[in-house]
Structure formats: C-alpha cells, structure tokens
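One structure below.
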Amino acid sequence: MTLLNQSDIQSSIERATRLKQLQSLTYKTRQFLQKDAQYQIAYASELGEEGAIEHANLSKNLEQSLIELEEYISERLRGNNMTTEMQEKPKAASERPEPTRYNPAGIEKKWQKIWEETGQNHAADDDSRPKFYNLVMFPYPSGDLHIGHWYNFTGVDVFGRFMRMKGYNVMQPFGFDAFGLPAENAAIKRGVQAGKWTLSNIDKMRDQLKTMGGIWDWEREVVTCLPDYYKWSEWLFLKLYEAGLAYRAKAPVNWCPNDQTVLANEQVLSDGTCERCGAVVIKRELEQWFFKITAYADRLLEYKGVNWPEKTMTMQKNWIGRSEGARVVFKVEAPDQENQEKIEVPVFTTRPDTLYGVTFFLLAPEHPLVEKLTVAGQKAEMEAYVKTARNESEIERQNAEKLKTGVFTGSYAINPINDEKVPIWVTDYVLMGYGTGAVMGVPAHDQRDFEFARTMGLPVRLVYQPEGREIKSEEMTEALIHEGHVVNSGPFDGLPDSQETVQKFIDFIEQKGVGKAEVTYRMRDWLISRQRYWGSPIPIVYCEKDGIVPIPEADLPVILPEDVNFRPDGVSPLSYMPEFVNTTCPKCGGPARRETDTLDTFMCSSWYFLRYCDPDNAEKAWDNERVNRWMPVDQYTGGPEHATMHLLYARFFTKAMYDMGLLSFEEPFTSLFHQGMIRSEGKKMSKSRGKTVAPDVLVQQFGADAVRAFLMFLGPFDQGAEWNDKTEQLLTGVSRFLNRVWAIATDMPAETSGEPFTSADTRQLQRATHKTIQKVTDDLGHWAFNTALSSLMEFSNTLQELSSKNSAIRHTEAWFEAVQTMLKLLAPLAPHITEELWHQIGHTDSVHNQSVPVFDPALAADDVVTIIVQVNGKVRDKLELPIGVSEAEVKAAVLAIPRVASAIGNGEPKKIIYVPGKLVNIVI
RNA sequence: GCCCGGGUGGCGGAAUGGCAGACGCGGCGGUCUCAAAAACCGUUGGGGUAACACCCGUGUGGGUUCGACUCCCACCCCGGGCACCA
C-alpha cells in the first residue's frame with residue numbers, strides 16, 4: 001500500500017461518500033422499478049398491447065443502466081485506496097462450507113415439472129381411497145389473475161392438499177366461466193373477436209395460476225364457451241323445455257340501459273342497480289325465456305343432508321320469501337260497467353283474521369282492472385297517476401319513507417266476510433308482481449295501510465284490542481300489530497292473537513266459498529334470455545306454421561358464430577346475421593327463424609361441477625356412473641355474494657335433473673365455505689371495479705410458497721383482508737420463516753445417533769412436536785390457516801433455541817422426528833420448499849404422499865403444572881408444581897408466597913377458589 | 001326499519017369464563033460491514049419507578065361471577081344481506 005498524504009485521504013473519503021450516496025440512490029431506483037412492474041401488470045388493460053411493450057422496453061433499458069451504474073460504483077469503491085483492504089472477504093467465511101441457499105424460483109419450477117410429469121395431481125376414478133371432491137367456484141377469465149384470486153385458490157388448495165394427506169383421493173378441478181359481457185365489451189372496444197380474447201385470457205391466467213403449485217387437475221379443465229361444453233348447456237335447456245320448466249312469456253322485466261340487456265331479479269341489487277355495471281335498472285314489458293324455478297320454491301327451502309353456513313341458508317330463505325296466508329275473493333261494484341258483468345278480484349293476505357277491519361281496497365297501478373274500474377270523472381287523474389308510477393324507477397317507488405299516494409277509482413269492493421262496501425283505490429305501494437296485485441286495506445293493523453288511511457282520510461277500524469286497556473282508533477299514531485284479542489268481528493270476538501285464530505278465519509271463508517288457504521313466494525321465475533352475443537345460443541327456432549320448435553338433439557350444438565358485427569342497441573347482435581337467423585323448421589322443413597337471444601351465463605355455471613366428473617364425453621353431457629363416483633361435491637368454496645344467484649340456481653338445476661331421472665341426488669354441494677375477500681379501498685378487488693394487485697412480482701421476488709403462506713397468514717380465511725401499502729410488509733415474516741425452515745432442515749445430520757427420548761431437552765422437543773401436531777392438524781381442518789402457520793413458526797423457533805443451546809440434540813431421534821413432522825405439517829401451505837427439503841434429507845417419495853402426523857396425547861403431556869395465583873381475581877404470581885399435586889399442597893404453597901401473605905395481612909381469606917391444575921384465587 | 005358478522009397495541013391478528021396482546025410486521029438498541037442490504041441477538045400496550053412494587057387498559061354504559069375480550073341488558077360505530085312482499 002502506498003503512503004497517502006492528508007489531502008489524498010480527504011478526497012478519498014469524499015469520493016467514497018459520494019459513491020455511497022449514489023449507491024443508495026440506485027437502491028431506491030430499484031424499488032421504484034419494482035413498484036412500477038406491479039403497476040404495469042395491474043394496468044395492463046389500460047396500457048393496451050403496444051403501450052405495454054413500450055413500457056416494458058423502457059423498464060428494461062432503465063434496469064440495464066442501473067446494472068451498469070452499480071457495477072461502476074462497486075468497481076470504483078474497490079479501486080478506492082481507502083477501501084481496498086476492507087473489501088477483502090473475511091477468511092473465516094470462505095473456509096466454511098457454503099450452505100445451499102434457498103432459491104425458490106429454481107426449486108418451484110423443478111417440482112412443478114416433476115409433479116406434472118408424474119401426474120400426481122390427477123384424480124383417477126379407479127382409486128381405492130375414499131373420494132373427496134374439492135371444488136372452488138371457477139373464475140371469469142378477465143385476463144388478470146390478481147391477488148384476490150390467489151388468496152381464494154390458495155386456501156382451497158391448502159385444504160385439498162391437507163385432505164389428500166389425510167388419505168383421500170382428492171379431485172380438485174379447475175375451469176373458466178367463459179361466457180359473459182366483458183368479452184363482448186372488449187370486442188366492441190378493441191375490435192377483436194370475443195372468443196379469441198377470452199381464450200387468450202384463459203391461457204394467460206392458466207399460466208399465472210400454475211406458478212402457485214396447486215393440485216389442480218388440469219386433465220379435467222372445463223371452459224364454458226367451447227362448443228364441446230355449451231352443446232350440453234343447450235341440451236340441458238331442451239331437457240328443461242321438455243319438462244315444462246322453460247317457457248317463453250311476456251312480462252315486465254329488468255332492463256339495464258347500459259348493458260343493453262335484460263337481467264334476472266337476482267342480478268338486480270337491492271338499490272335497484274345492475275349487479276354488473278351499477279346502472280339504474282328500468283322495467284320493460286318484453287317477451288323472454290324463463291326457467292320455472294318457482295315450482296321448486298318449497299324444495300329449495302329444504303337442505304337435506306347439507307352442511308351450509310346458517311347465514312347462507314337464511315339469505316336463500318329470505319330470497320325465496322315464503323309466506324302462508326289466504327286468497328280471499330272480493331266482488332266489485334263498478335258503476336260504469338253497464339253490462340253488469342260480475343267482476344271478482346282476489347287478494348292475498350297473511351292476516352285473514354283482520355278481515356272485519358277492512359275499510360278500503362287497493363290495486364297496483366299496473367293491475368289490468370284499473371282502467372275498467374275507474375269511473376268517468378276519475379279517468380284523467382288516474383291516467384296521470386298510473387303513468388307517473390310506471391315511469392318511476394324501482395328506487396323511488398320502493399322508498400318506504402315516501403308519503404303514501406293514490407287515486408280513488410270511484411268503484412267499490414264487497415268484503416265477503418260481512419258484505420260491506422269499501423272504496424277501491426289505486427296506489428303504487430301495491431306491487432303487481434307479488435300476490436295478486438290487489439290488497440285489502442286494514443289500516444288498524446298494518447302500518448302501510450295505516451299511513452295510507454291517515455293521508456287519504458279513510459276510516460280506521462280496530463279488530464284487535466290489547467289486554468287490559470282500550471285503544472281508540474282516532475288516537476292511534478301507528479298500527480297495532482300482533483297484540484291482544486279479536487273485537488268487532490262477529491262470531492270471532494274474544495279469540496286471542498294466534499295461529500289457531502287465523503286458521504278459524506280460513507276455515508270460515510273456505511266454508512263460505514269465498515277464499516282458501518294459500519302460500520306465496522317472493523322469488524320469481526328465473527329470466528334466462530339475454531340480448532347479447534357472447535353466450536350459449538338458445539336451441540329454438542320460430543316457424544310460421546309450427547311456432548316454437550326445439551332443435552332436435554342430433555343437431556346440437558347450435559354453433560355461436562365467431563365473426564359478428566356488434567350493434568349493442570338492445571337487440572341481440574345475432575339477429576343481424578341472416579346466415580345465422582334464417583333456417584328451416586326441423587318439424588315441417590319450411591322457413592324458420594332462429595332464436596337470437598343467448599343464455600344467461602349463470603345457466604352455464606349451474607352444471608359445470610358435473611362436467612368436471614366426465615369432461616371429455618362426446619356422447620353425453622356426463623356419464624352417470626362417473627358422476628356418481630364423485631358427486632355430490634364434498635367441499636365447495638367461494639364468495640358469499642353468490643348466495644342468491646349461483647348457489648340457488650345450481651340447487652334448482654340439480655333438483656330438476658333429479659326429477660328427470662338424470663341425477664340420483666338432490667343437493668349438489670354437501671359442505672359450503674365462504675372465503676373472505678381481498679379488499680382494495682374497502683371494495684372487493686376485481687378488474688371490473690378498478691385497481692388490482694398482481695401476484696407475479698411478489699412470486700418472482702419471494703417465491704410462490706412465501707406468497708401462499710403470506711396470504712394465509714393475513715388472518716382468518718373467512719375474513720379476507722384489506723390490501724394497502726402495509727399489507728405486503730407481512731410477506732417479510734413468512735419469507736424469513738421459510739428461510740429458517742430451510743436452514744434447519746439442510747443443517748440436519750445424515751443419520752441419527754440413535755439416542756432415545758430420555759433427556760430433558762429431547763422430552764421437551766417431543767412435547768413441542770406433538771403439541772404442534774395437535775394444533776396444526778386441527779387448524780388446517782377448520783380453515784384456520786393463520787394460526788396453523790403461527791404454531792409452525794413457534795415450533796421452528798423452539799427447534800432453533802434447542803439446537804443453539806445444545807447442538808448435539810440435532811443427532812437425536814427426537815430431532816429427526818421433529819424436522820420431518822414440521823415438513824409434513826407445512827407441506828399443504830408451502831408445497832415446493834417442503835418437497836425439496838423432504839428429498840434433501842434423504843427421502844425418495846413425495847412429501848405430499850405422506851400421511852398427516854398422528855397426535856399422541858401421552859407424548860404431548862406436560863410433567864409439571866403451572867398454577868396461576870390470583871388475589872381477588874388479579875394475577876399475582878405463578879407456581880410450577882409437579883403433576884398430581886394435591887389441593888392442600890397447592891393451597892399451602894400459595895399461602896406461603898410472601899406477596900400473597902402480605903396481601904392477606906393478618907385477616908383470614910374469605911374464600912379460596914381452586915381450579916385443579918389451573919389456578920388458585922384468594923378472596924379477601 | 002329488520003336479520004347476520006365485526007369493534008383488542010403503531011399495523012395484520014391471537015386468546016370464547018381463568019396469565020390479554022400468541023405469531024408476525026413495524027419501531028428502538030446491538031452484533032457483523034468502509035457502507036448498505038441480508039442475517040442474527042435483545043427490547044417493544046400506556047402510566048409509574050433507579051429498579052421493583054403498583055395503577056390503567058379489549059367501542060360506550062350497566063349487570064352476572066371468586067374471576068369477563070369472552071356470558072346477559074342497553075347503546076354507539078363499521079361491514080354485509082333484506083326491505084312498502086300485503
């Protein structure tokens with residue numbers, strides 16, 4: 001080394017300082033570059049293909065410059081005289097053998113390839129193990145597999161892997177719900193074919209998903225937009241048509257002005273907006289195709305042999321909305337009906353016991369009798385009112401806060417129970433779609449009727465009085481609901497408010513022949529035709545001579561044309577294609593027109609779980625033997641938002657097919673679980689809702705195992721998580737944990753010394769091992785992945801503590817058992833690293849084919865008990881005592897503690913609570 | 001309005017009648033390094049003390065209990081579902 005003068009040293013220091021600043025800048029730039037790469041994926045659709053390429057090139061150039069800069073810096077630092085000597089590597093490190101580094105990228109690719117080649121994720125039909133059908137709701141191929149998908153699919157995969165290690169032949173298929181509006185919108189916006197766009201998205205998502213290392217059985221993949229699948233969707237439509245469960249009818253339907261199509265009731269949110277796009281839905285009178293799901297209302301309320309969340313069943317029950325009551329027929333006196341024809345109007349009521357309290361009669365504005373019953377003098381006012389009501393949106397109309405409005409028809413209804421004449425009004429709070437569209441007004445005992453009566457100045461007549469006090473109708477401020485006993489009701493006076501009383505009224509009107517018991521439902525039939533292109537064709541033709549004619553089974557599928565000219569104007573784009581529309585009638589051979597509407601995508605997703613059982617069948621939708629091999633689904637996992645849509649439709653389908661003899665079971669999903677969702681700014685993360693986070697960058701940086709474990713570590717799986725800047729920090733923890741597992745396993749000696757489980761340390765290790773087995777196997781079976789991971793972390797901490805305290809322990813049997821147990825328990829959560837380590841410690845079979853370790857309570861048992869010592873319920877001390885210590889001994893030991901003794905003072909303790917093996921509480 | 005779910009450190013969360021804050025992140029202090037990163041060790045609810053002691057603390061207010069995050073009553077806030085359904 002040359003001698004340096006003072007100024008040389010000074011400038012050296014300055015140069016080194018500047019270089020270091022530069023170095024820190026390159027580090028920061030690198031961080032930005034990583035963030036940018038994430039955004040690039042998240043906003044891929046906005047960038048477009050060209051934009052993405054340009055962006056990628058820019059990033060690549062910047063990356064290259066950074067590398068050059070970093071090289072330059074390290075070269076200059078090395079060349080700097082001040083640092084030459086310090087740059088030399090410490091000798092000690094190079095003498096040590098380099099331990100193998102945990103390199104996720106390498107081992108993950110390696111094992112994914114091996115698993116694929118050995119086919120160990122394919123569930124064969126002829127397997128002697130009991131079957132386990134582990135199903136996840138298949139995604140829509142938006143082209144963007146974001147972190148929300150990963151969360152969902154990882155949890156399902158962890159569960160499936162755990163069940164496999166428990167000895168089941170797990171079938172865990174995957175597919176894509178590939179028809180639907182976004183493809184069509186992309187086609188319009190970018191001028192690409194919807195089919196090509198969808199299939200390329202599927203390819204991309206499949207590749208992204210494969211990096212997760214799940215046990216998805218790709219041999220069973222189902223894609224609903226391919227003819228070999230939708231052929232059978234069409235076939236099922238025909239089956240339902242044959243069974244009388246599909247029909248065409250004109251009805252007021254929900255129309256989304258933005259998506260230019262009709263929607264099912266289930267697809268309209270409770271605020272009256274479109275479930276897909278958020279536009280306000282309007283009502284239109286249109287001829288459409290329906291499935292008669294209402295015919296199954298009662299059976300959909302049964303849940304035979306299923307294990308579903310109470311909440312989901314309640315949601316479905318509320319949606320179906322069964323109410324029991326009676327149909328009562330009122331005769332009408334219409335002054336303007338000169339021909340004196342007898343008009344009768346039925347009402348539905350759940351309270352026939354209040355019939356004597358009827359003081360007016362109500363019709364919905366859409367009721368077909370409104371025009372006929374309105375007298376000449378009221379015509380103009382009525383027309384205006386009905387018009388306003390029709391134009392009102394659902395939101396305005398269904399606002400319960402709104403003041404009651406209405407118009408008197410001038411006609412009267414005759415109450416069949418007492419022949420009383422009451423005025424007939426029209427009001428918009430009566431809905432045409434529920435019951436009969438007509439209601440008897442009982443203001444004293446129905447809040448809405450009460451408000452109406454007060455607004456219109458109509459009489460209020462009490463037919464119930466509470467016990468022990470009397471209410472006067474003119475003093476009432478609200479309706480009296482379910483209280484007291486019957487009054488003012490002739491022979492019924494004095495009866496209590498009860499089901500029996502209601503039944504007595506029903507018996508009475510049935511005897512008189514003016515009504516009968518009836519049940520109504522809130523749920524309507526399922527509207528399944530859509531005025532859009534990208535969906536399964538409806539296999540129907542319209543013939544001038546024969547009317548509606550189904551396509552014969554042999555001519556299926558009706559192929560959806562690929563090159564379509566889009567005009568989203570409320571009519572299906574297919575109707576502009578004469579070559580599609582014009583056909584011949586299968587019955588008479590004459591000219592006919594094809595149905596140009598397409599099927600709701602929810603129809604395609606109502607049976608995909610059956611196709612997974614027999615995905616390549618070209619002869620049938622499925623083979624019954626194969627379906628019976630796997631169905632029903634043992635575990636179904638998906639978001640709770642499907643409770644009243646997909647989950648209801650799929651149950652209806654299964655029951656309908658059961659009735660047709662196509663299936664031998666009635667419930668498709670035995671056990672159901674709703675995972676939570678990953679939220680971004682409080683909303684579900686999804687492409688249609690804006691910002692998403694791509695897992696790819698994280699996977700590249702930390703490995704799929706770390707990302708999987710990190711997602712499962714965020715919290716309880718059914719709770720989901722809010723995604724923000726801090727969330728990703730948690731990844732560091734699991735990444736460190738995996739590195740620790742790597743270090744422990746790769747540091748294991750080749751053979752054990754054969755030392756038995758005798759020392760205090762080995763016993764401690766064995767106890768920890770079995771406690772961990774108990775906790776982790778219990779947690780994995782209950783979707784408690786976060787706590788399973790935390791116990792594994794604790795276990796690895798224990799291993800490290802023990803080995804640093806006593807490195808000889810690594811040669812014991814207990815250590816070998818502990819490490820192998822750790823790998824097996826961790827395998828479902830982090831499948832690659834555990835497989836690699838399993839082989840590195842000398843095994844030749846797969847860790848995923850091992851059985852779940854068996855918990856032995858005897859080996860987990862402690863040999864001391866810790867007694868909590870409380871004074872007045874406050875913890876003051878702890879005592880470690882040998883197991884089997886007597887109550888008297890414990891009490892003596894506790895009273896001997898100086899702190900306890902001083903707390904008691906010279907008095908006597910009032911009471912001593914002793915919970916054996918747990919705690920002593922001294923009350924003073 | 002009705003029906004579910006939830007409210008715990010700076011953050012994600014754990015504990016379902018018996019040690020509140022497991023596990024992890026972040027912070028602080030340290031080891032190693034010219035330095036940074038990584039890794040490792042220690043520490044980390046608030047008040048209080050030299051250190052202990054001690055006091056306070058699970059949305060709010062009551063209650064039950066020897067003992068309450070946990071059970072009961074009332075209320076507030078957040079999320080989800082339903083809602084003029086006769």
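Being a predicted model, the structure only gives us computed values, none of them experimental. Chain letters run A, B, ... following the sequence lines, proteins first and then strands; every chain starts at 1.
Of the side-chain N and O atoms in Q447(A), none sit less than 4.0 angstrom from OP1 or OP2 of C84(B).
Salt bridge status for K726(A) with E728(A): absent, with no side-chain N to carboxylate O gap under 4.0 Å. Salt bridge status for E887(A) with K891(A): present, with a side-chain N to carboxylate O gap under 4.0 Å. Taking a cutoff of 4.0 Å between a charged side-chain nitrogen and a carboxylate oxygen, D449(A) and K404(A) do not qualify as a salt bridge.
One N or O on the side chain of T154(A) and one on the backbone of W150(A) form a donor-acceptor pair closer than 3.5 Å.
Remark: aromatic rings of F713(A) and F737(A) are distant, center separation not under 6.0 Å. Aromatic rings of F361(A) and W425(A) (six-membered ring for Trp) have centroids beyond the 6.0 Å cut-off, not under it.
Nucleotides A14(B) and U70(B) are separated by 13 Å at their C1' atoms, to the nearest Å. Spacing of C1' atoms, A39(B) relative to G45(B), comes out at 29 Å, to the nearest Å. The separation of C69(B) from G6(B), taken at their C1' atoms, amounts to 13 Å, rounded to a whole angstrom. Taking the P atoms as reference points, U65(B) lies 44 Å from C85(B), given to the whole Å. Here, C77(B) and A68(B) have their C1' atoms 22 Å apart, quoted to the whole Å. Rounded to whole Å, the P atom of A15(B) lies 13 Å from the corresponding atom of C23(B). The P atoms of C54(B) and G27(B) are separated by 34 Å, rounded to the nearest whole Å. The P atoms of U8(B) and U60(B) are separated by 10 Å, rounded to the nearest whole Å.
With hydrogens and angles left out, the side-chain atoms of E451(A) and Y429(A) include no donor and acceptor closer than 3.5 Å. A donor atom on one side chain and an acceptor atom on the other are not found under 3.5 Å apart for N415(A) and Y356(A). Side-chain N/O atoms of Y385(A) and T405(A) include a donor and acceptor closer than 3.5 Å.
Legend: residues meeting side-chain contact (heavy atoms from CB on, under 4.5 Å) with T520(A), ordered by chain and number and at least two apart, are S323(A), F348(A), Y434(A), E518(A). Here F795(A) pairs with nothing under the ring pair (Phe, Tyr, Trp, His ring centres under 6.0 Å) rule; sequence neighbours left out.
Among the protein residues, E310(A) comes within range of no part of the nucleic acid, since none of its heavy atoms lies under 4.0 Å from any strand. Using a 4.0 Å heavy-atom criterion, one finds that P640(A) contacts no nucleic acid atom at all. In this structure, K874(A) reaches the sugar-phosphate backbone alone: every heavy-atom distance under 4.0 Å involves primed, P, OP1 or OP2 atoms, never a base. L714(A) comes within contact range of the sugar-phosphate backbone alone, with a heavy-atom separation under 4.0 Å but no base atom that close.
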Taking Watson-Crick and G-U wobble pairs with both distances under 3.5 Å, convert RNA chain B into its dot-bracket string, 5' to 3', dots for unpaired and | for cross-strand pairs. (((((((..(((.....[....)))((((((.......))))))(((......)))..(((((..]....))))))))))))....
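Nearest to the side chain of R876(A), among A86(B), C54(B), C84(B), sits C54(B). Considering only the side chain of K311(A), G80(B) comes nearest among A20(B), A86(B), G80(B). In the set G81(B), C82(B), C4(B), the nucleotide with an atom closest to the side chain of W319(A) is C82(B).
Aromatic ring pairs are classed by plane angle as parallel below 30°, tilted from 30° to 60° and perpendicular above 60°; the pair F717(A) and W783(A) is parallel.
Atom pair L647(A):CG and G81(B):P shows a separation of 15 Å (rounding to whole Å applied). In this structure, the NZ atom of K317(A) is 17 Å from the P atom of C82(B), given to the nearest Å. The distance between atom CG of D718(A) and atom P of G79(B), rounded to the nearest whole Å, is 19 Å. Between the CZ atom of F710(A) and the P atom of G13(B) there is a distance of 12 Å, rounded to whole Å. The nearest whole Å value for the distance from the CD atom in Q719(A) to the P atom in A14(B) is 6 Å. Between the NZ atom of K775(A) and the C1' atom of A15(B) there is a distance of 9 Å, rounded to whole Å. A straight line from CD1 of I320(A) to C1' of G81(B) spans 15 Å, rounded to a whole angstrom. When the P atom of C82(B) is taken as reference, atom OH of Y434(A) falls 17 Å away, rounded to whole Å.
Heavy-atom minimum distance, T798(A) versus A768(A): CG2-CB, 4.2 Å.
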Per-nucleotide protein contact string for nucleotides 21-28 of chain B, where B marks a base within reach and S marks sugar-phosphate only (heavy atoms under 4.0 Å, - for neither): -BBBSS--
What donor-acceptor contacts under 3.5 angstrom involve side-chain atoms of residues 911-924 of chain A, with partners at least two apart or in another chain?
{"unit_1": "N921(A)", "atom_1": "OD1", "unit_2": "N872(A)", "atom_2": "N", "d": "3.4"}
{"unit_1": "N921(A)", "atom_1": "OD1", "unit_2": "G873(A)", "atom_2": "N", "d": "2.9"}

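Nearest-nucleotide assignment on RNA chain B puts the 5′-proximal partner with M315(A), out of T349(A) and M315(A).
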Pick out the pairs of N or O atoms, protein on one side and nucleotides 64-67 of chain B on the other, that lie under 3.5 Å.
{"unit_1": "C66(B)", "atom_1": "O2'", "unit_2": "N921(A)", "atom_2": "ND2", "d": "3.3"}
{"unit_1": "C66(B)", "atom_1": "O2", "unit_2": "N921(A)", "atom_2": "ND2", "d": "2.4"}

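In this structure, G9(B) is classed as syn because its glycosidic torsion stays within 90° of zero.
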